[in-house]
Amino acid sequence: MDKLERLAGFVRESSRIVFFGGAGVSTESGIPDFRSEDGLYHQQFDYPPETILSHTFYKRHPDIFFDFYRKKMLCLSAEPNDAHKKLAQWEQEGRLLAVVTQNIDGLHQKAGSRNVLELHGSVHRNYCEKCRRFYPAEFILQCEGSPRCSCGGIIKPDVVLYEESLNESVLERSIQAIHDADLLIVGGTSLAVYPAAGLLQYYEGDRLVLINRSPTPYDSRADLLLSGKIGEILRSLP
Ligand code: NAD
């Protein structure tokens, strides 16, 4: 039996699928990831992206941060691809418990998924640091320099920067979902970012499927390893 058939069998037999994904899930929607050859970490900027996307840098140089953020992280015209759509379909069919994602682009929700656990936050939520007023992503996009609230405070995207900790409630619910899964599909992630990558250890089943375009440190732990584009692979499943 080939790998795709095995995966299709797993999907048919499962009622508590959990998907754990990263930036590679959205590359087929035209959003660059970080670590692929054409990813942001291989492009030239005045500072390394890891530095710009750190809390310290955000505080010291908010204008440079927001310039990078608008140009490289805010992709508001992107549309869900076949990976997002298949996961939403499985949830509607009652086969999928949750999508746990490191992505901040909101494309799972745009595809129709409801139980999406966003480990690193979302570009669609932005709050004034002073009065906590909410602003949509479109507001951040249309400003120049640091976006300012009507009260004068800086509006910060609700995304987890380097040096910042994850939201505890989202983390706990992600651990619970992964623990409860009867099939864990991990895809489009280099599994290089912690603590997110460490969540895989909470899976107790024997159907850990890894789908990625390049090798990851967890390949040897997978019960089924597929190399390729996640949208193309998920599209071919029931
Ligand atoms: P990463 O850039 O470290 O790794 C992406 C992985 O996905 C790579 O291993 C690559 O080979 C693989 N990949 C790329 N396209 C693929 C495809 N079509 N099919 C299968 N595999 C594919 O990304 P990461 O592991 O998510 O970690 C980096 C951090 O980047 C995350 O914290 C995330 O918040 C942030 N990020 C998010 C977005 C987004 O929201 N779309 C975009 C860039 C970065």
Side-chain angles (χ1 to χ4, degrees), residues 3-4 7 19-43 45 48-55 58 68-87 99-111 113 116-125 137 140 157-167 170-171 174 185-200 209-219 222 224-237:
K3 288 184 172 185
L4 267 181
L7 178 53
F19 179 80
F20 176 85
V25 174
S26 293
T27 54
E28 287 164 80
S29 294
I31 304 181
D33 64 9
F34 279 175
R35 292 178 182 80
S36 287
E37 272 172 25
D38 52 353
L40 294 184
Y41 284 7
H42 293 95
Q43 297 173 22
F45 301 104
E50 305 94 302
T51 303
I52 302 177
L53 296 171
S54 69
H55 183 81
Y58 165 77
F68 179 89
Y69 179 80
R70 277 190 203 94
K71 285 188 187 138
K72 299 293 172 185
M73 307 301 293
L74 268 186
C75 305
L76 299 182
S77 58
E79 290 296 329
N81 62 52
D82 288 327
H84 301 105
K85 290 177 193 165
K86 183 60 70 175
L87 295 166
V99 169
V100 180
T101 183
Q102 300 165 83
N103 292 349
I104 56 176
D105 55 35
L107 287 184
H108 287 293
Q109 290 91 334
K110 208 169 179 183
S113 285
V116 183
L117 298 165
E118 297 174 308
L119 289 168
H120 294 159
S122 172
V123 299
H124 294 289
R125 295 186 297 269
I140 309 294
D158 186 14
V159 300
V160 179
L161 302 176
Y162 288 105
E163 305 161 354
E164 293 180 342
S165 45
L166 306 194
N167 177 292
V170 176
L171 191 57
S174 301
I185 304 178
V186 178
T189 170
S190 60
L191 294 172
V193 177
Y194 280 81
L199 293 184
L200 265 58
V209 178
L210 214 60
I211 306 172
N212 214 53
R213 235 169 34 178
S214 59
T216 79
Y218 283 77
D219 286 3
L224 183 58
L225 181 67
L226 287 96
S227 175
K229 289 189 174 181
I230 189 142
E232 288 177 8
I233 291 173
L234 292 198
R235 181 176 53 217
S236 69
L237 295 173

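Note that ligands are numbered from 1 as they come in the structure, with each ligand's atoms numbered from 1 the same way. Because only heavy atoms are used, hydrogens play no part in the values below, and waters and symmetry mates are left out as well, while side chains stay in. If you're wondering where the values come from, they're calculated on a predicted model, not measured in any experiment.
Those atoms of ligand 1 with a heavy atom of Gly22 less than 4.0 angstrom away are 26 (O). For ligand 1 and Arg35, the ligand atoms under 4.0 Å from any heavy atom of the residue are 1 (P), 2 (O), 3 (O), 27 (O), 28 (C). Residue contact check: Ser214 has heavy atoms under 4.0 Å from atoms 8 (C), 9 (O), 10 (C), 11 (O) of ligand 1. Using a 4.0 Å cut-off to heavy atoms of Val193, the atoms of ligand 1 that qualify are 27 (O), 28 (C).
Among protein heavy atoms, atom 13 (N) of ligand 1 sits closest to Gly24 CA, 3.6 Å. Atom 39 (C) of ligand 1 has Asp105 OD2, 3.5 Å as its closest protein atom, hydrogens excluded (heavy atom only). Atom 20 (C) of ligand 1 has its closest protein heavy atom at Gly228 O, 3.2 Å. Nearest protein neighbour of atom 15 (N) of ligand 1, counting heavy atoms only, is Thr27 OG1, 2.8 Å. Looking from atom 43 (C) of ligand 1 to the surrounding protein, the closest heavy atom is Pro32 O, 3.4 Å. For atom 21 (N) of ligand 1, the closest heavy atom belonging to the protein is Arg213 N, 3.1 Å. The nearest protein atom to atom 19 (N) of ligand 1, hydrogens excluded, is given as Ile230 N, 2.9 Å; this is a heavy-atom distance. Closest to atom 25 (O) of ligand 1 among all protein heavy atoms lies Thr189 OG1, 2.8 Å.
Using cut-offs of 30° and 60° on the angle between ring planes, the pair Tyr41 and Phe34 is parallel.
Formation of a donor-acceptor pair under 3.5 Å by the Lys229 side chain with backbone atoms of Glu28 is not found in this model. With Asn103 contributing its side chain and Gly22 its backbone, the two residues share a donor-acceptor pair below 3.5 Å. Counting only distance, with no hydrogens or angles, the side chain of Thr189 and the backbone of Leu191 share a donor-acceptor pair below 3.5 Å.
With contacts defined as side-chain heavy-atom distances shorter than 4.5 Å, the pair His84/Leu234 does not qualify. Residues Val123 and Pro157 form no side-chain contact, since every pair of their non-hydrogen atoms from C-beta on lies 4.5 Å or further apart. You'll find the side chain of Gln43 reaches within 4.5 Å of the side chain of Lys72, heavy atoms only.
Atom CD of Glu37 is surrounded by 12 or fewer heavy atoms from other residues, nucleotides or ligands within 6.0 Å.
Considering Asp105, Leu40, Val159 as possible partners of Met73, the one that fulfils the side chain to side chain contact (heavy atoms under 4.5 Å, CB included) test is Leu40.
The shortest separation from a heavy atom of Ala196 to ligand 1 is not under 4.0 Å, leaving the residue out of contact. Residue contact annotation: Gly188 has a non-hydrogen atom under 4.0 Å from ligand 1. Proximity of Ser36 to ligand 1 is established by a heavy-atom distance of less than 4.0 Å. Ligand 1 has no atom lying under 4.0 Å from any heavy atom of Ala83.
With a 4.0 Å heavy-atom cut-off, ligand 1 is reached by the side chain of Glu28 but not by its N, CA, C or O. Here Ser26 has side-chain heavy atoms under 4.0 Å from ligand 1, and that is the only part of it that gets that close. At a heavy-atom cutoff of 4.0 Å, ligand 1 is contacted by no atom of Ala192, backbone or side chain. Of all the heavy atoms of Ile31, the ones lying under 4.0 Å from any atom of ligand 1 belong exclusively to the side chain.
The minimum heavy-atom distance between Ile230 and Gly187, with the atom names listed, is CD1-CA, 3.6 Å. Contact detail for Ser36 and His42: the closest heavy-atom pair is O-ND1, 2.8 Å.
Of the options Leu40, Ile104, Val123, Asp33, the smallest heavy-atom separation from atom 40 (O) of ligand 1 is shown by Ile104. When the heavy-atom distances from atom 9 (O) of ligand 1 to Leu234, Leu191, Val160, Asn212 are ranked, the shortest goes to Asn212.
Checked against a 3.5 angstrom limit, the closest N/O atoms of Met73 and ligand 1 fall outside it. Residue Ala23 has at least one N or O atom closer than 3.5 Å to an N or O atom of ligand 1.
Residues forming a side chain to side chain contact (heavy atoms under 4.5 Å, CB included) with Val193 (at least two apart in sequence, or on another chain): Arg35, Gln102, His120. Partners of Asp158 according to the salt bridge (charged side-chain N to carboxylate O under 4.0 Å, His left out) rule, which considers only residues two or more places apart in sequence or in another chain, are Arg125.
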